Amino acid sequence: MTQFIKDANWRYATKKFDATKKISSEDLASLKEAIRLAASSYGLQPYKVLIVENPELRAQLQPVSWGQSQIVDASHLLVFANIINFGEKEIDATINNMATTRNLPLEALQGYGDFMKSKLVSLPEDVKNTWTSKQTYLALGNLLNAAAELKIDVTPMEGFEPEKYNEILGLEKLGLNASLVATIGYRHEEDATQHYAKVRKSEEELFVTI
C-alpha cells in the first residue's frame, strides 16, 4: 500500500476541531503551495482563495454555514471563490505570466491566447461561472491530499449560503463568488467520527471497463 493510499484512508471530514491547536506557518505555506500547483483548465486558475483568520468575520460566517462549529473552531478557514464572468483580461494575464516564466516572446503565445479566447469568451456568463466554480474543486483536491500527508485535517463544505458569504466578505465588488469552503486544523479527541470505518463503493460498483 502506498503512502498516498494510507494518507487517504487516514483523512475524513472532521466534525469537531480542537480550537487550541493552530497550523504552523511552515505547514500553512506548504498547503498554499499545494493549492497553487493544482491543475486547472488551460492552467488559468480562474479563482482566488481567501484565508479567513479574523475571528469576528468567522463568527459572522458561522450562522450562514448551517451553524457548523468547524467554521470558528478550525485553525483556518479557506474560501475558494471563482472569478465571475471570466474573460479576455484574465486570459491575457495568464499569457503574460507564461511568457515571463518561460522566457518567451508574447508573439509566440498569441495563437494559444487567441485559441483560449475563442473557446471561453463568447460563452454565456452563467456557463462561464459554472465552469470557473468547477475549477475550485481541483484546487480543493490538492489541499486534501497535501494536508493528509502532513496529518492536518480538512473539512470540505458545500453547506453554506454563497450569497451571504459574498455579502459578508465583499466578494461581488471583487468580481468573485464563494464556490466552496474548507476548514483546516486538527481533529478534537472527542470527535467520534474519526473512529468510523470509511464507507466507499467497492471497485466492482465504482469502475466500469469498456
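This structure is a prediction, so every number in the text was calculated from the model and none was measured.
- Not one N or O on the side chain of Asn103 forms a donor-acceptor pair closer than 3.5 Å with the backbone of Ala99.
- In the displayed structure, Phe4 atom CZ is contacted under 6.0 Å by at most 12 heavy atoms of other residues, nucleotides or ligands.
- In summary, of the residues considered (Phe86, Tyr137, Tyr47), a ring-ring contact (aromatic ring centres under 6.0 Å, His included) with Trp131 occurs for Phe86 alone.
- Following chains of ILVMFWY side-chain contacts shorter than 4.5 Å, one cannot reach Leu138 starting from Leu144, and the two form parts of different hydrophobic clusters.
- Checked by atom type and distance alone, the side chain of Gln68 pairs as donor or acceptor with a backbone atom of Gly159 at under 3.5 Å.
- A 6.0 Å sphere centred on CH2 of Trp66 holds no more than 12 heavy atoms belonging to other residues, nucleotides or ligands.
- The distance from the CD1 atom of Ile95 to the CE atom of Met98 is 5.0 Å, given to the nearest 0.5 Å.
- We find the CD-NZ distance between Glu204 and Lys201 to be 13.0 Å, quoted to the nearest 0.5 Å.
- Tyr165 has its side chain within reach of Val64: a pair of non-hydrogen atoms, C-beta onward, lies under 4.5 Å apart.
- For the salt bridge (charged side-chain N to carboxylate O under 4.0 Å, His left out) condition, the pairs that include at least one residue of residues 35-46, sequence neighbours left out, are Glu33-Arg36.
- Remark: the backbone N or O of Phe17 is not paired with any side-chain donor or acceptor of Thr14 at under 3.5 angstrom.
- Remark: Glu88 pairs with no residue by the salt bridge (Lys or Arg N to Asp or Glu O under 4.0 Å) rule, at least two apart or across chains.
- At distances below 3.5 Å, not a single donor-acceptor pair connects side-chain atoms of Glu149 with backbone N or O atoms of Ala146.
- Hydrophobic clustering of Ile, Leu, Val, Met, Phe, Trp and Tyr side chains at less than 4.5 Å, counting indirect connections, keeps Ile71 apart from Val49.
- The 12-atom threshold is not exceeded at CD of Glu203, counting heavy atoms of other residues, nucleotides or ligands nearer than 6.0 Å.
- For Asp191 against Thr193, the heavy-atom pair with the smallest separation is OD1-OG1, 2.6 Å.
- Under the 3.5 Å distance criterion, the side-chain polar atoms of Ser75 are left unmatched by any main-chain donor or acceptor of Lys22.
- No side-chain heavy atom of Thr130 sits less than 4.5 Å from a side-chain heavy atom of Val127.
- Applying the salt bridge (Lys or Arg N to Asp or Glu O under 4.0 Å) criterion to Arg187, with sequence neighbours excluded, gives Asp153.
- Taking CD of Gln70 as the start and OG1 of Thr155 as the end, the distance is 5.0 Å to the nearest 0.5 Å.
- Gln45 CD to Asn97 CG: the interatomic distance, rounded to the nearest 0.5 Å, is 8.5 Å.
- Summarising the geometry of Val154 relative to Ala147, their closest heavy-atom pair is CG2-CB, 3.4 Å, with the distance given to 0.1 Å.
- Separating the CD atom in Gln60 from the CZ atom in Arg58 is a distance of 13.0 Å, to the nearest 0.5 Å.
- Looking at Ile84 and Glu125, their side chains come closer than 4.5 Å, going by heavy atoms from C-beta outward.
- With rounding to the nearest 0.5 Å, the separation of CD in Glu189 from NZ in Lys16 is 10.0 Å.
- When all heavy atoms are compared, the tightest approach of Tyr186 to Asp27 is OH-OD2, 4.1 Å.
- For the residue pair Ser65/Gln62, the side-chain donor-acceptor check at 3.5 Å is not satisfied.
- Connection of Leu169 to Phe80 is not established within any shared hydrophobic cluster, with ILVMFWY side chains joined at heavy-atom distances below 4.5 Å, either directly or through further cluster members.
- The two residues Ser69 and Lys15 come nearest to each other via the heavy atoms OG-O, 3.7 Å.
- Side-chain contact check for Gln135 and Ser41: at least one donor-acceptor pair (N or O, by modelled atom type) lies under 3.5 Å.
- Ring centroid separation for the pair Tyr196 and Tyr12 does not come in under the 6.0 Å cut-off.
- The minimum heavy-atom distance linking Arg11 with Ala13 is given by the pair NH2-N, 3.7 Å.
- Note on Ile23 and Leu140: same hydrophobic cluster, where clusters join Ile, Leu, Val, Met, Phe, Trp and Tyr whose side-chain heavy atoms are under 4.5 Å apart, directly or indirectly.
- A donor-acceptor contact closer than 3.5 angstrom is absent between the side chains of Lys198 and Asn9.
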_For Lys32 and Leu28: C-alpha separation, side-chain torsions, deciding distance, then whether side chain to side chain contact (heavy atoms under 4.5 Å, CB included) applies._
CA-CA 6 Å; Lys32 290 165 65 176; Leu28 181 60; 4.0 Å; yes
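- No side-chain heavy atom of Val121 sits under 4.5 Å from any side-chain heavy atom of Leu123.
- Follow the hydrophobic side-chain contacts under 4.5 Å out from Phe160 and you reach Val52 in the same cluster.
- Inter-residue side-chain proximity for Glu90 and Ile83 is flagged as met; some heavy-atom pair is nearer than 4.5 Å.
- Asn142 places none of its side-chain heavy atoms less than 4.5 Å from the side chain of Ile35.
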May I have the list of side-chain donor-acceptor pairs in residues 172-184 shorter than 3.5 Å, sequence neighbours left out?
unit_1, atom_1, unit_2, atom_2, d
Asn177, OD1, Asn166, ND2, 3.0
Asn177, ND2, Asn82, OD1, 3.1
Ser179, OG, Ser133, O, 3.4
Ser179, OG, Ser133, OG, 2.7
Ser179, OG, Thr136, OG1, 3.0

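- Heavy atoms only, all atoms of each residue included: Thr94 and Gly43 are closest at CG2-O, 4.1 Å.
- In this structure the side chain of Leu78 never reaches within 4.5 angstrom of the side chain of Leu50, judged on heavy atoms.
- Taking the salt bridge (Lys or Arg N to Asp or Glu O under 4.0 Å) definition, one finds that Lys151 meets it with Asp7, sequence neighbours left out.
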Atom pairs and distances, donor-acceptor, side-chain atoms in residues 104-120, under 3.5 Å, two or more places apart:
unit_1, atom_1, unit_2, atom_2, d
Lys117, NZ, Asp92, OD1, 2.7
Ser118, OG, Phe115, O, 2.6

